[in-house]
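Below is one structure, written out as structure tokens, with a few remarks after it.
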Amino acid sequence: MGRIIVNLDVEMAKRKISLGELAERIDLTQANLSILKTGKARAIRFTTLEAICRELQCQPGDILEYRNE
């Protein structure tokens, strides 16, 4: 069975941006962004993913990864 891995923390570290700063830029609460960052989210809206990619200047595949385990 596979699972989705969230690499948001890696992309944020590469760009030296804090959780609070990114949350403010994409108009999302820090709590909700933290849930996504830690991989505890069960879903993500495309609009949220689009905003994250816009601010981090990355592709969705840089943030989300599928692993077959």
Side-chain angles (χ1 to χ4, degrees):
M1 183 155 129
R3 64 186 186 128
I4 302 293
I5 306 298
V6 180
N7 295 314
L8 181 57
D9 54 345
V10 174
E11 295 303 313
M12 288 172 58
K14 285 180 185 177
R15 287 149 184 87
K16 297 178 181 157
I17 187 170
S18 70
L19 184 75
E21 185 179 350
L22 182 58
E24 186 176 315
R25 286 185 184 184
I26 65 172
D27 196 28
L28 195 67
T29 66
Q30 285 189 38
N32 284 339
L33 190 57
S34 179
I35 289 169
L36 179 60
K37 180 181 163 193
T38 58
K40 294 179 181 174
R42 302 301 299 160
I44 182 171
R45 292 177 185 258
F46 281 146
T47 53
T48 301
L49 184 58
E50 179 182 7
I52 291 170
C53 290
R54 181 187 65 240
E55 291 301 321
L56 296 180
Q57 298 179 350
C58 65
Q59 295 296 313
D62 297 330
I63 296 171
L64 301 175
E65 174 186 350
Y66 175 77
R67 288 193 191 157
N68 191 10
E69 298 179 347

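Computed from a prediction, not measured in an experiment: that's the story for all the values here.
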Nearest heavy-atom neighbours spanning [X] and [Y]:
{"X": "Ala51", "Y": "Ile26", "answer": "O-CG2, 3.6 Å"}
{"X": "Arg54", "Y": "Arg25", "answer": "NH2-O, 4.3 Å"}
{"X": "Cys53", "Y": "Pro60", "answer": "SG-N, 3.5 Å"}

With rounding to the nearest 0.5 angstrom, report the [atom1] to [atom2] distance, [X] to [Y].
{"X": "Leu8", "Y": "Asp62", "atom1": "CG", "atom2": "CG", "result": "11.0 Å"}
{"X": "Met1", "Y": "Asn68", "atom1": "CE", "atom2": "CG", "result": "10.5 Å"}
{"X": "Ile4", "Y": "Arg42", "atom1": "CD1", "atom2": "CZ", "result": "10.5 Å"}
{"X": "Lys40", "Y": "Ile35", "atom1": "NZ", "atom2": "CD1", "result": "8.5 Å"}
{"X": "Glu69", "Y": "Ile5", "atom1": "CD", "atom2": "CD1", "result": "6.0 Å"}
{"X": "Glu21", "Y": "Met12", "atom1": "CD", "atom2": "CE", "result": "9.0 Å"}

Exercise for the section: Taking Thr38 for its side chain and Ser34 for its backbone only, find out whether a donor-acceptor pair lies under 3.5 Å. Expected result: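 Indeed, once roles are kept as given, a pair shorter than 3.5 Å links the two residues.
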Worksheet entry | Residues Glu11, Arg15: salt bridge by 4.0 Å N-O rule |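 Yes, this pair counts.
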query = Are Ile17 and Leu28 connected in a single hydrophobic cluster, I mean Ile/Leu/Val/Met/Phe/Trp/Tyr linked by side-chain heavy atoms less than 4.5 Å apart?
reply = yes
> Are Ile52 and Leu19 connected in a single hydrophobic cluster, I mean Ile/Leu/Val/Met/Phe/Trp/Tyr linked by side-chain heavy atoms less than 4.5 Å apart?
Replying inline: yes
(Q) Within the 4.5 Å heavy-atom criterion, are Leu49 and Leu64 side-chain neighbours or not? (A)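 SC-SC contact between Leu49 and Leu64 confirmed.
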Item checked: Test item: Leu36 and Ile63 side chains (from C-beta on) under 4.5 Å apart, heavy atoms -> no
Take atom [atom1] in [X]; do more than 12 heavy atoms of anything else shown fall under 6.0 Å from it?
{"X": "Glu65", "atom1": "CD", "result": "yes"}
{"X": "Glu50", "atom1": "CD", "result": "no"}
{"X": "Tyr66", "atom1": "OH", "result": "yes"}

